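The structure appears below as structure tokens.
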Amino acid sequence: MPQQFRNFINGKWIEAKSGRTFENRNPAHWNEVIGLFPKSGPEDVADAVRAARAAFEKWRLVPAPARGDMLRKIGDLLVKSKEEIAREMTREMGKVLTETRGDVQEGIDTAYYAATEGRRLFGHTVPSELPDKFAMAIRIPVGVAGIITPWNFPMAIPTWGIFPAILSGNTVVFKPASDTPKTAVRLVEIMMEAGIPEGVVNLIFGGGGEVGNAIVSHPDVDLVLFTGSTEIGKQILRDGSSTLKRISLELGGKNAQIVMDDADLDLALDGILWGAFGTTGQRCTATSRLILHEKIYDPFMTMLVDRTRKLRLGDGLLQGSEVGPCINEGQRKIVDSYVTIGKAEGARLRCGGSIASGGELANGWFYEPTIFDGVLPSMRIAREEIFGPVLSVLKTNSLDDAVTILNDTVYGLSSSMYTRDVNNAFRAIRDIKAGITYINVPTIGAEAHLPFGGVKQTGNGHREGGWAVYDFFTEWKSVYIDYSGRLQRAQIDNYESGS
Ligand code: NAD
Ligand code: MN
């Protein structure tokens with residue numbers, strides 16, 4: 001019998017009211033069941049929100065430096081459990097061990113950043129226009145935060161939301177993706193061990209349509225931080241509008257890497273392999289388009305196809321595996337259907353293009369790393385997010401043309417250019433429409449202390465990460481203190497003489 005896990009509400013592990021469960025499986029060995037998790041509904045969400053609301057009234061009064069001390073402890077505990085969590089995470093979602101270690105490390109970095117923010121949370125003091133009067137603006141917590149996350153970074157993305165949320169004095173209802181519930185359990189266990197009081201963080205498992213929607217629609221949830229697909233992001237904005245929630249959306253991407261004719265080609269090659277096929281292409285920041293200068297097109301393609309063919313698919317826990325499986329059968333079908341679309345559109349399949357099923361691979365959702373070239377900007381494989389190991393290659397003849405191609409998308413998350421010309425680099429930084437631009441770095445590799453997010457349909461203008469996310473999790477309160485002992489009317493008494 002597989003292990004049975006529970007929701008976490010008001011400091012207690014409890015079953016869903018429905019009594020129903022769903023399975024979590026290993027995408028590299030689909031017959032391996034990792035655990036059973038509660039299939040919750042709106043009634044469980046209501047309990048969690050009630051607990052979070054009650055806890056908020058106490059948690060908001062805990063001094064921020066003391067909240068920061070708890071976050072430091074969380075960071076320390078994550079350091080201790082890093083290897084164990086990374087192994088569990090690879091089993092539950094498939095990416096290779098070096099990457100799941102990085103995923104935990106991002107959580108550690110985010111915890112330590114939040115710990116130090118406990119002694120900042122800076123506001124402003126400004127002069128008043130009236131004598132004997134003091135003016136300042138301070139940050140206050142917002143209330144109950146719903147945190148809804150995808151499966152591709154099962155530790156990092158939840159921590160990007162939860163840690164700044166609670167450091168700022170909010171309380172949380174957390175709904176992880178159904179493909180990666182186990183990592184969420186470990187995260188919550190660690191937060192409890194570090195002394196986070198009951199009710200401050202609540203965890204509810206279940207489907208997006210039932211649990212996610214119930215969080216977004218609940219009148220007593222003040223804000224929602226959502227990371228996931230653009231389609232669901234739009235739905236959440238609609239659902240949240242009836243209660244005018246503050247909503248932060250981090251959504252899809254169609255990220256590109258440009259390689260100019262003056263680039264270090266070996267460096268650019270290492271970059272594109274990592275950007276396109278790291279995490280099996282299942283990153284919001286994955287490189288899904290490569291824009292190659294015509295002067296280096298043929299030699300670069302030869303090198304790229306050769307190296308891609310040598311990438312080793314396999315169980316991420318095994319030494320030597322470089323590319324893990326797709327997250328589930330549905331995702332692999334989507335990848336395969338885009339390969340069919342690419343062929344029909346007239347792009348040229350240079351390698352991959354099939355389900356990988358040799359030997360042990362037959363037990364998981366593996367797909368061959370795939371490259372199309374001769375891709376035109378109008379093709380669907382150049383425009384739509386695939387979220388798998390498929391790279392579309394386009395040709396360019398100038399920097400301006402390359403940037404135009406790169407910008408020709410509804411998304412605007414990450415971008416990259418390889419060049420040795422500093423003038424090219426700065427023009428690209430100025431002209432590329434994206435939330436992140438890398439020079440001589442692939443499109444992946446964000447660091448926890450910088451703002452993270454995208455322009456256009458990648459989001460709605462908020463940022464996770466760094467100092468920026470604290471703007472989302474706090475409200476400004478402006479405070480005026482008059483010590484003149486008389487009524488002073490702003491805009492009136494100081495201009496009364498008519499001057
Ligand atoms: P998804 O949108 O299907 O699901 C994300 C989360 O939303 C899950 O927890 C899901 O259960 C929940 N959900 C689904 N329907 C909902 C609804 N109606 N109301 C509320 N919640 C609902 O995305 P996914 O398949 O888990 O992840 C892949 C997508 O996430 C890709 O599009 C990828 O680009 C995006 N992503 C973006 C970022 C970023 O920071 N920009 C990071 C990682 C992933
Ligand atoms: Mn799983």
Side-chain angles (χ1 to χ4, degrees), residues 22-30 32-35 37 40 42 45 88-95 103 146-154 156-158 160-161 174-184 204-218 221 224-240 247-255 279 281-286 288 324-331 334 364-365 384-388 411-414 434-436 444 446 451-455 457-460 462-465 469:
F22 65 91
E23 289 176 344
N24 176 22
R25 289 176 180 249
N26 179 344
H29 302 280
W30 195 245
E32 191 181 310
V33 178
I34 287 159
F37 290 80
S40 316
V45 171
E88 285 179 355
M89 196 194 299
T90 291
R91 251 187 94 206
E92 127 166 299
M93 65 74 69
K95 66 185 174 186
D103 195 317
I147 310 278
I148 302 174
T149 57
W151 45 264
N152 61 340
F153 283 86
I157 292 179
W160 289 1
F174 168 33
K175 191 207 98 63
S178 300
D179 284 298
T180 52
K182 181 78 187 294
T183 306
I204 306 283
F205 297 103
E210 301 80 41
V211 173
N213 181 268
I215 291 171
V216 176
S217 310
H218 199 295
V221 172
V224 171
L225 184 108
F226 171 80
T227 307
S229 61
T230 294
E231 184 196 347
I232 303 294
K234 288 177 179 172
Q235 180 64 43
I236 285 177
L237 215 47
R238 283 193 290 271
D239 294 342
I247 294 174
S248 169
L249 304 172
E250 291 295 350
L251 311 172
K254 188 70 184 174
N255 315 292
T279 323
Q282 302 173 116
R283 289 189 184 219
C284 52
T285 54
S288 143
C326 298
I327 184 69
N328 54 39
E329 187 178 16
Q331 194 61 34
I334 290 172
W365 309 119
E384 297 173 19
E385 182 178 54
I386 299 174
F387 227 61
Y411 298 110
L413 184 52
S414 187
I436 306 169
I444 64 181
F452 180 93
V455 302
Q457 291 189 28
T458 288
N460 63 338
H462 293 287
R463 288 291 180 272
E464 299 184 29
V469 72

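Numbering starts at 1 and runs along the sequence shown. All values derive from a computational prediction rather than experimental measurement. Note that ligands are numbered from 1 as they come in the structure, with each ligand's atoms numbered from 1 the same way.
- At a 3.5 angstrom cut-off on N or O pairs, E385 counts as close to ligand 1.
- Which parts of ligand 1 touch L413 is read off a 4.0 Å heavy-atom cut-off, strictly below it: atoms 41 (N).
- With respect to atom 1 (P) of ligand 1, the closest heavy atom belonging to the protein is S229 OG, 3.7 Å.
- Nearest protein heavy-atom contact of atom 42 (C) of ligand 1 is C284 SG, 2.9 Å.
- The nearest protein atom to atom 28 (C) of ligand 1, hydrogens excluded, is given as F387 CE2, 3.5 Å; this is a heavy-atom distance.
- Residue contacts with ligand 1 for D179 are absent, since no atom lies close enough (heavy atoms, distance under 4.0 Å).
- Atom CD1 of I436 sits about 5.0 Å away from atom CG of L413, to the nearest 0.5 Å.
- Ion pairing between a basic and an acidic side chain is recognised when a charged N comes within 4.0 Å of a carboxylate O; E92 and K182 show no such pairing.
- For the pair F153 and M93, the minimum side-chain heavy-atom distance is 4.5 Å or more.
- W151 pairs with exactly one of I327, N328, T183 by the side-chain contact (heavy atoms from CB on, under 4.5 Å) rule, that one being I327.
- Two residues are said to be in side-chain contact when any heavy atoms from C-beta on lie closer than 4.5 Å; L251 and F226 meet this criterion.
- For W151, a nitrogen or oxygen atom sits less than 3.5 Å from a nitrogen or oxygen atom of ligand 1, counting backbone and side chain alike.
- Counting only heavy atoms of the protein, atom 41 (N) of ligand 1 lies nearest to L251 O, 2.7 Å.
- The closest approach between a heavy atom of I157 and any atom of ligand 1 is below 4.0 Å.
- Distance check: K95 NZ to M89 CE gives 6.0 Å after rounding to the nearest 0.5 Å.
- Remark: S288 pairs with K254 by the side-chain contact (heavy atoms from CB on, under 4.5 Å) rule, at least two apart or across chains.
- Here the heavy atom of the protein found nearest to atom 27 (O) of ligand 1 is P150 CB, 3.4 Å.
- From the protein, the heavy atom lying nearest to atom 7 (O) of ligand 1 is F226 CE1, 3.1 Å.
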S40 and E210: side chain to side chain contact (heavy atoms under 4.5 Å, CB included), yes or no, with the steps? CA-CA 7 Å; S40 316; E210 301 80 41; over 6 Å; no
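- Of the options G228, G208, S414, S288, the smallest heavy-atom separation from atom 14 (C) of ligand 1 is shown by G208.
- Atom 36 (N) of ligand 1 lies below 4.0 Å from at least one non-hydrogen atom of the protein.
- Under 3.5 Å, the side chains of K234 and Q457 contain a donor-acceptor pair of N or O atoms.
- Taking 4.5 Å as the limit, some side-chain heavy atom of V216 sits within range of a side-chain heavy atom of I148.
- By the criterion of a heavy-atom distance under 4.0 Å, neither the backbone nor the side chain of R283 is placed next to ligand 1.
- At a 4.0 Å heavy-atom cut-off, ligand 1 does not touch D239 at all.
- For atom 20 (C) of ligand 1, the closest non-hydrogen atom of the protein is G212 C, 3.3 Å.
- Contacts between F153 and ligand 1, counted as non-hydrogen atom pairs separated by less than 4.0 Å, are absent for every part of the residue.
- Only the backbone of T149 comes within 4.0 Å of ligand 1, counting heavy atoms alone; no side-chain atom from C-beta on gets that close.
- In terms of N/O distances under 3.5 Å, ligand 1 is not approached by W160.
- Excluding waters, the count of protein N/O/S atoms less than 2.8 Å from the Mn ion (ligand 2) comes to 4.
- Heavy-atom separations between S178 and ligand 1 are all 4.0 Å or longer.
- In this model, no donor atom of one side chain and acceptor atom of the other lie less than 3.5 Å apart for E385 and T230.
- In the vicinity of T227, heavy-atom distances shorter than 4.0 Å reach the ligand 1 atoms 5 (C), 37 (C), 38 (C), 39 (C), 40 (O), 42 (C), 43 (C).
- Here the protein heavy atom with the shortest distance to atom 11 (O) of ligand 1 is K175 NZ, 2.9 Å.
- Here the CD atom belonging to E250 is positioned 8.0 Å from the CG atom belonging to N460, to the nearest 0.5 angstrom.
- A distance of 7.0 Å separates CD1 in I157 from CD in E464, rounded to the nearest 0.5 Å.
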